[in-house]
There are 2 protein chains.
Amino acid sequence: MTQRINSMEDISLTLKLLGDKTRLTIMKLLDKQECCVCELVEIFKTSQPAISQHLRKLKDAGLIKENRKSQWIFYSINTDSRQWQLVQELISHVPSVDHLLEELKVKGLRMTCN
Amino acid sequence: MTQRINSMEDISLTLKLLGDKTRLTIMKLLDKQECCVCELVEIFKTSQPAISQHLRKLKDAGLIKENRKSQWIFYSINTDSRQWQLVQELISHVPSVDHLLEELKVKGLRMTCN
DNA sequence: TGCTTATATAAGTACATTATTATATAATGA
DNA sequence: TCATTATATAATAATGTACTTATATAAGCA
């Protein structure tokens, strides 16, 4: 695949956004499967507004998209983003987060948001 | 080349550092050739302490190294860094900065730091 | 409709980051 | 040795970021 060149502004914004551990982990998680807000709140053990604010930044930058399913809003990678190729390369360097999804499953909280 | 996996901390620190336009541009410049502080001050049209502080952060993270040549200190990419493969991929997405080095040359300021 | 659950937004606060100004260090050369 | 040039460091001010708490919105259900 040939290299897609974006502007310095777009690239530095993307790197700044993923330079935060929470957001980097969110992108790695979403690379595996879409997640709703309450799943992420559980995984990061932080407040719901904190997660919502991280998601908003990622969405504003076009890196993720949302999809409401009844009362839940699921977030997923926006693979149409001009930054997606770069993001994909980045997160391939990040250690696996499968254990986080596994813990969620064990607790019976995966995909369901009871 | 196989993928080198670093810790979440190391990766997010690297992305945070390169999430700044000045530092991202510095890394792209150094990927072409080593530069001394006064060349970078000229290129970025900012204060010398501002550049020194950016260089220090990059050096503290192990991304660049310094090499004194008489009164000048030249900075270059530390290709021994555990992050080098990641950094190399990142900066391959960044638009060329050749024009910046060319301008410097035209002004007679390249490599010499009169 | 009113209650509950999921999520977003707003306001405020604490902390981090980046630049500036002033000063220190280090090398060179008269 | 003294003056000059290159660079680093310290202190400070301005700005940005990420959290918290409180509140608003929106969907589902009794």
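Each chain gets a letter, A, B and so on, in the order the sequences are listed, and its residues count up from 1.
If you check residues 13-20 of chain A against DNA chain D, the residues with a heavy atom closer than 4.0 Å are A:Lys16, A:Asp20, listed by number. Near-neighbour residues of DNA chain D inside residues 44-55 of chain A, defined by a heavy atom below 4.0 Å, number-ordered: A:Thr46, A:Ser47, A:Pro49, A:Ala50, A:Gln53, A:His54.
Rounded to an integer number of Å, the gap from B:Glu42 CD to D:dT5 C1' is 15 Å. Distance B:Phe74 CZ to C:dA27 P: 15 Å, rounded to the nearest Å. Atoms CG (A:Leu58) and P (D:dT17) sit 14 Å apart, rounded to a whole Å. In this structure, CD of A:Glu39 is placed 18 Å from P of C:dT5, rounded to the nearest angstrom. What separates NZ of A:Lys21 from C1' of C:dA16 is a distance of 15 Å, to the nearest Å. B:Ile73 places its CD1 atom 10 Å from the C1' atom of C:dT25, with the value rounded to the nearest Å. One atom, CG of B:Asn67, and another, C1' of D:dT7, lie 14 Å apart when rounded to the nearest Å.
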For residues 43-51 of chain A, run the donor-acceptor check on the side chains, cut-off 3.5 Å, and write out each pair with its distance to 0.1 Å, sequence neighbours left out.
| from | atom 1 | to | atom 2 | distance (Å) |
| --- | --- | --- | --- | --- |
| A:Lys45 | NZ | A:Glu42 | O | 3.3 |
| A:Ser47 | OG | A:Ala50 | N | 3.3 |
| A:Gln48 | NE2 | A:Ser52 | OG | 3.1 |

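For A:Tyr75, no side-chain nitrogen or oxygen approaches OP1 or OP2 of C:dA6 to under 4.0 Å. Dashed line: the shortest gap from a side-chain N or O of A:Lys57 to OP1 or OP2 of D:dA18 is under 4.0 Å. The phosphate of D:dT9 (OP1 or OP2) has a side-chain N or O of B:Arg56 nearer than 4.0 angstrom.
Shown here are the side-chain contact (heavy atoms from CB on, under 4.5 Å) partners of B:Gln71, two or more places apart in sequence or in another chain: there are none. For A:Thr79, the side-chain contact (heavy atoms from CB on, under 4.5 Å) partners are A:Ile77, A:Trp84, not counting sequence neighbours. Listed by chain and number, the residues in a salt bridge (charged side-chain N to carboxylate O under 4.0 Å, His left out) with A:Glu66 are A:Lys59 (sequence neighbours excluded). By the side-chain contact (heavy atoms from CB on, under 4.5 Å) test, A:Asp98 is found to be paired with A:Lys32, A:Ser96, residues two or more places apart in sequence or in another chain being considered. Among residues two or more places apart in sequence or in another chain, the side-chain contact (heavy atoms from CB on, under 4.5 Å) test is passed with A:Ser70 by A:Trp72. In this structure B:His54 satisfies the side chain to side chain donor-acceptor pair (under 3.5 Å) test together with B:Arg23, sequence neighbours excluded.
Between B:Leu29 and B:Leu101 the shortest side-chain heavy-atom distance falls below 4.5 Å. At least one side-chain heavy atom of A:Leu90 sits less than 4.5 Å from a side-chain heavy atom of A:Leu15. Within the 4.5 Å cutoff, the side chain of B:Glu89 has no heavy atoms near those of the A:Leu86 side chain. Inter-residue side-chain proximity for A:His93 and B:Gln83 is flagged as unmet; no heavy-atom pair is nearer than 4.5 Å. A:Thr25 is not listed as a side-chain neighbour of A:Val94, based on a closest heavy-atom distance of 4.5 Å or more.
Residue A:Lys28 places its NZ atom among more than 12 non-hydrogen atoms of other residues, nucleotides or ligands, all under 6.0 Å distant.
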Review point. Just by protein heavy atoms under 4.0 Å, how would nucleotides 25-30 of chain D read 5' to 3' in B, S and -?
Key: --SS--
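Direction of the helix axis in the helix from C:dT1-D:dA30 to C:dA30-D:dT1 shifts by 10° between the two five-pair termini, rounded to 10°.
Residue pairs meeting the salt bridge (Lys or Arg N to Asp or Glu O under 4.0 Å) criterion with at least one member in residues 67-85 of chain A, sequence neighbours excluded: A:Glu34-A:Lys69.
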